[in-house]
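Predicted model, so just to flag it, every value in this text is computed and none were measured. A, B, ... follow the sequence lines: proteins, then strands. Residue 1 opens every chain.
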Number of protein chains: 2
Amino acid sequence: MIRAGGAKGVDHDWEPSVSRRAATIKDVARRAEVGVATVSRVLSGSGSVSAATRERVLRAVAELEYRPSALGRSLKTQRTGSIGLVLPEITDPFCAELAAGVLACARTLGEHVLLDVSHDDPVRETEIIDRLVEQRVDGVIAVPAGEPAGWRAALRTGVPVVFADRAVAGLPEIPAVLADDAAGVRSAVDYLAGLGHRRVGLLGTTTTGQAYRGDPGVREAAFRATLADRGLVPDEDLVVLARPGRDGAFAAVAGLFQSRPDLTAVLAATHLLGETAVLVARELDLRIPGDVSIVMIDDVPWAELCDPPLTAVGRPGRDMGHRACEVLLRDPARRDRGRPVVLPTELLIRGSCGPPAGMPGAAPRSPRTR
Amino acid sequence: MIRAGGAKGVDHDWEPSVSRRAATIKDVARRAEVGVATVSRVLSGSGSVSAATRERVLRAVAELEYRPSALGRSLKTQRTGSIGLVLPEITDPFCAELAAGVLACARTLGEHVLLDVSHDDPVRETEIIDRLVEQRVDGVIAVPAGEPAGWRAALRTGVPVVFADRAVAGLPEIPAVLADDAAGVRSAVDYLAGLGHRRVGLLGTTTTGQAYRGDPGVREAAFRATLADRGLVPDEDLVVLARPGRDGAFAAVAGLFQSRPDLTAVLAATHLLGETAVLVARELDLRIPGDVSIVMIDDVPWAELCDPPLTAVGRPGRDMGHRACEVLLRDPARRDRGRPVVLPTELLIRGSCGPPAGMPGAAPRSPRTR
DNA sequence: ATGAAAGCGCTAACAC
DNA sequence: GTGTTAGCGCTTTCAT
């Protein structure tokens with residue numbers, strides 16, 4: 001195979017085709033018999049090039065199957081075109097939704113997404129941040145584990161950071177996109193109280209490490225506040241905080257259900273707790289909603305498949321991810337003011353709640369009438 | 001703003017701290033009064049440096065909060081330390097599991113993961129591949145959408161590719177990590193037949209675009225073959241192929257259930273179809289398993305929460321992801337031989353199957369006895 | 001309209 | 001043991 005040699009003419013013997021080194025901008029320039037700058041201009045669309053030249057360059061690009069290297073470009077421009085996404089867990093349906101939102105937005109903005117999971121471990125999270133900084137990502141979106149130190153360090157490097165779903169106490173300078181959890185809890189408790197429930201339990205989570213804004217704390221507080229507004233003294237035995245993990249959830253739920261058989265309704269602060277509540281209720285032969293009504297925070301696919309379908313407080317995970325990405329990438333103004341973006345929740349009434357067992361009008365030990 | 005432009009060693013006036021440019025290896029070298037190579041040696045641990053020098057360098061690194069730039073390094077070494085992960089969907093629980101496996105393995109190997117989703121759209125997938133190549137990822141793991149062209153192009157650039165969960169027909173040279181779907185289907189059908197079922201339906205999916213190895217085709221084939229082995233002529237009316245999406249699933253399931261009330265069991269080839277089957281059965285007032293037994297391929301969290309809990313063929317999504325990553329990153333040998341890695345499935349017997357309605361020993365229109 | 005050349009931050013020869 | 005230097009592939013003045 002003979003190939004007419006270009007300007008400086010010496011033919012390369014291309015190696016056996018299979019693994020010849022990727023073409024660089026220089027190869028293209030040589031082949032098109034132009035300077036590298038011209039190739040760059042053609043490919044970036046900036047500057048001006050004659051039609052004929054452009055044509056030649058494009059042909060060389062095609063013939064060589066040239067792919068510009070983002071490495072060279074990034075080094076020069078000091079932008080990598082990728083952002084980091086730090087999630088506690090990718091198998092969690094809420095996090096996955098959030099990720100989908102980030103991905104969708106990043107795509108429209110032409111950014112890549114570097115994903116990593118922290119398992120809610122601050123040490124690991126800090127490690128991840130470090131590596132992300134080393135990669136020189138253009139920004140980071142995180143559902144933070146709660147330890148401020150790592151994030152402070154990140155800030156010092158100058159990477160823009162946006163929190164989603166949770167915010168870290170003591171870092172008001174980092175913008176956040178949150179769900180209106182307080183309103184969500186309120187809507188759920190109001191609904192339950194409206195049904196006639198007087199002894200409502202809360203299945204919450206312990207706050208590991210630092211306190212969050214936008215997480216456990218506010219759910220608990222909103223729970224108490226709503227009850228108080230209704231003139232119900234929150235019975236402290238009825239709020240139980242589960243340790244992280246399935247076992248913690250199980251212990252908490254079983255403990256609550258067994259120690260307080262007079263309980264008529266419960267609000268599960270996470271979908272894990274909701275799931276556990278359903279399972280434990282089944283094990284204890286408690287009917288839903290006949291014996292106990294359940295509302296769960298976070299709507300997940302299985303909520304509708306449950307029998308009865310579970311009433312839930314839906315939080316817009318996908319929107320939150322999308323929004324966080326927008327704030328990060330195209331809203332530096334907002335990034336500077338510290339006010340968090342708060343997105344509304346929605347009470348999705350399905351079949352898991354009814355009037356309390358003793359209630360006039362309630363069918364005793366049977367599916368709800370009303 | 002004046003900066004003393006010193007050849008060697010004039011003190012810089014650092015700017016107001018808030019956004020001064022990140023320190024480079026040069027800054028560190030200058031501050032530690034050594035050459036850049038020494039800094040590099042200290043940081044990479046290679047070569048030899050005197051304890052005293054190392055000390056000085058480390059101090060400078062700390063004082064400057066120096067973070068080596070992966071950009072510079074990658075450009076030089078021609079390795080980015082990141083791999084691409086292309087999934088049809090991140091909100092799908094199976095994909096999320098797979099992603100978790102990849103993430104776990106990548107982490108132990110010190111690689112970053114660039115995630116993108118194709119929505120099973122070949123056009124989009126090709127776009128993603130292109131961008132990944134441009135980023136010079138060290139390799140890509142994909143649950144492919146099915147169009148070979150894009151992958152052929154990828155191969156030509158020299159990026160190693162490994163498929164997971166599905167393989168693309170016509171690309172035997174790309175190694176794949178698959179689940180043993182045929183065995184999974186067989187175990188399910190055998191189980192159903194053993195229970196006494198004679199009229200078993202299959203809810204499959206249409207094969208969009210190219211045919212897969214490891215997806216719809218083999219499930220359907222295994223279904224027919226198992227039935228045949230049992231001496232049952234597969235009734236072609238009983239296998240229905242759903243179009244992608246919720247609507248397609250619904251149409252298929254409703255169609256099957258309504259047109260063939262004599263059906264006593266059904267195998268759902270995907271979790272979406274399983275979910276839909278449960279919903280439709282409920283709507284049609286068909287009891288599970290009294291009127292119809294259901295087995296689903298893919299075990300998902302809600303399978304246990306269903307009432308009754310759903311019997312399913314579990315596929316090791318996380319392992320598959322982990323394995324795919326290993327094959328990609330540390331098993332170039334296997335990468336070359338074309339034989340796919342096949343991981344076993346597991347039949348998880350729960351409560352959604354019983355003997356067929358008319359069966360001697362079966363309680364008519366009621367939960368299973370046996 | 002186009003080319004030459006100077007880096008971007010790093011590693012790896014190669015000198016000393 | 002340590003410094004100097006030549007690139008890696010690209011963009012971007014600055015000349016021409």
Side-chain angles (χ1 to χ4, degrees), chain A residues 6-8 21-58 60-61 64-81 133-138 157-158, chain B residues 5 7-9 20-58 60-61 64-81 133-138 157-158:
Chain A
K8 332 262 119 115
R21 114 190 179 298
T24 76
I25 199 174
K26 262 188 189 161
D27 301 319
V28 176
R30 194 175 316 135
R31 176 138 194 155
E33 303 183 280
V34 299
V36 291
T38 302
V39 176
S40 181
R41 278 181 203 114
V42 171
L43 262 29
S44 72
S46 72
S48 51
V49 273
S50 76
T53 309
R54 148 171 292 112
E55 201 46 51
R56 288 217 312 289
V57 170
L58 257 20
V61 165
L64 263 27
E65 299 198 88
Y66 169 65
R67 303 277 170 203
S69 160
L71 284 170
R73 182 188 313 127
S74 298
L75 186 55
K76 180 63 185 178
T77 61
Q78 301 290 64
R79 289 196 71 253
T80 51
V133 166
E134 190 160 308
Q135 293 293 316
R136 298 295 191 265
V137 291
D138 298 337
T157 72
Chain B
K8 345 244 119 145
R20 84 184 168 242
R21 117 190 177 298
T24 76
I25 199 174
K26 264 188 189 159
D27 299 321
V28 177
R30 193 176 315 137
R31 178 136 192 158
E33 302 181 284
V34 298
V36 291
T38 301
V39 177
S40 182
R41 278 182 204 112
V42 171
L43 262 28
S44 73
S46 72
S48 50
V49 275
S50 76
T53 310
R54 146 170 293 110
E55 203 44 54
R56 289 221 309 291
V57 170
L58 258 18
V61 165
L64 261 28
E65 299 198 88
Y66 169 67
R67 303 279 169 204
S69 160
L71 284 171
R73 182 186 317 129
S74 299
L75 187 56
K76 178 68 186 176
T77 61
Q78 300 289 65
R79 287 196 72 253
T80 50
V133 166
E134 190 159 309
Q135 294 291 318
R136 297 296 189 266
V137 290
D138 298 337
T157 72

Give one of base, sugar-phosphate or nothing for [X], where a contact means two heavy atoms less than 4.0 Å apart.
X: A/S50; answer: sugar-phosphate
X: B/L71; answer: nothing
X: A/G35; answer: sugar-phosphate

Would you give the length of the straight line joining atom CD of B/Q135 to atom CZ of A/R67, rounded to the nearest 0.5 angstrom?
->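 Rounded to the nearest 0.5 Å, the CD-CZ separation comes out at 13.0 Å.
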Calculate, to the nearest 0.5 Å, the distance between atoms CZ and CD1 belonging to B/R30 and B/I25 respectively.
-> 12.0 Å
Could you check how far [atom1] of [X] sits from [atom2] of [N], rounded to whole Å?
X: B/R79; N: D/dG9; atom1: CZ; atom2: P; value: 16 Å
X: A/L43; N: D/dT11; atom1: CG; atom2: P; value: 8 Å
X: B/I25; N: D/dG3; atom1: CD1; atom2: P; value: 12 Å
X: B/D27; N: C/dC8; atom1: CG; atom2: P; value: 11 Å
X: B/R41; N: C/dC10; atom1: CZ; atom2: P; value: 16 Å
X: A/K26; N: C/dA6; atom1: NZ; atom2: P; value: 13 Å
X: B/E55; N: D/dT2; atom1: CD; atom2: P; value: 13 Å
X: A/R56; N: C/dT2; atom1: CZ; atom2: P; value: 8 Å

How about [X] and [Y]: do any of their side-chain heavy atoms sit closer than 4.5 Å?
X: A/V42; Y: A/L58; answer: yes
X: B/P68; Y: B/R73; answer: yes
X: B/D27; Y: B/R21; answer: yes
X: A/R54; Y: A/V57; answer: no

Counting side-chain heavy atoms from C-beta on, which of [options] comes nearest to [X]?
X: A/S69; options: D/dC10, D/dC8, D/dG3; result: D/dC10
X: A/A37; options: C/dG3, D/dT11, C/dC10; result: C/dG3
X: A/L75; options: C/dC14, C/dC10, D/dG9; result: D/dG9
X: A/K76; options: D/dC10, D/dT2, C/dG9; result: D/dC10

Quick one: does A/R67 reach the base of D/dG9 with a side-chain donor-acceptor pair under 3.5 Å?
-> no
Classify the side chain of B/R136 and the base of D/dG9 as holding, or not holding, a donor-acceptor pair under 3.5 Å.
-> no
Is the phosphate of [N] approached by [X] (side-chain N or O, under 4.0 Å from OP1 or OP2)?
X: A/S40; N: D/dT11; value: yes
X: B/T38; N: D/dG3; value: yes
X: B/R73; N: C/dT11; value: yes
X: B/T53; N: D/dT2; value: yes
X: A/T24; N: D/dC8; value: no

Which residue, A/S44 or B/E33, contacts DNA chain D at a nucleotide closer to its 5' end, judged by nearest heavy atom?
->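 This one resolves to B/E33.
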Could you pick out which residue, B/V36 or B/Q78, lies toward the 5' side of DNA chain D when each is mapped onto its nearest nucleotide?
->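 This one resolves to B/V36.
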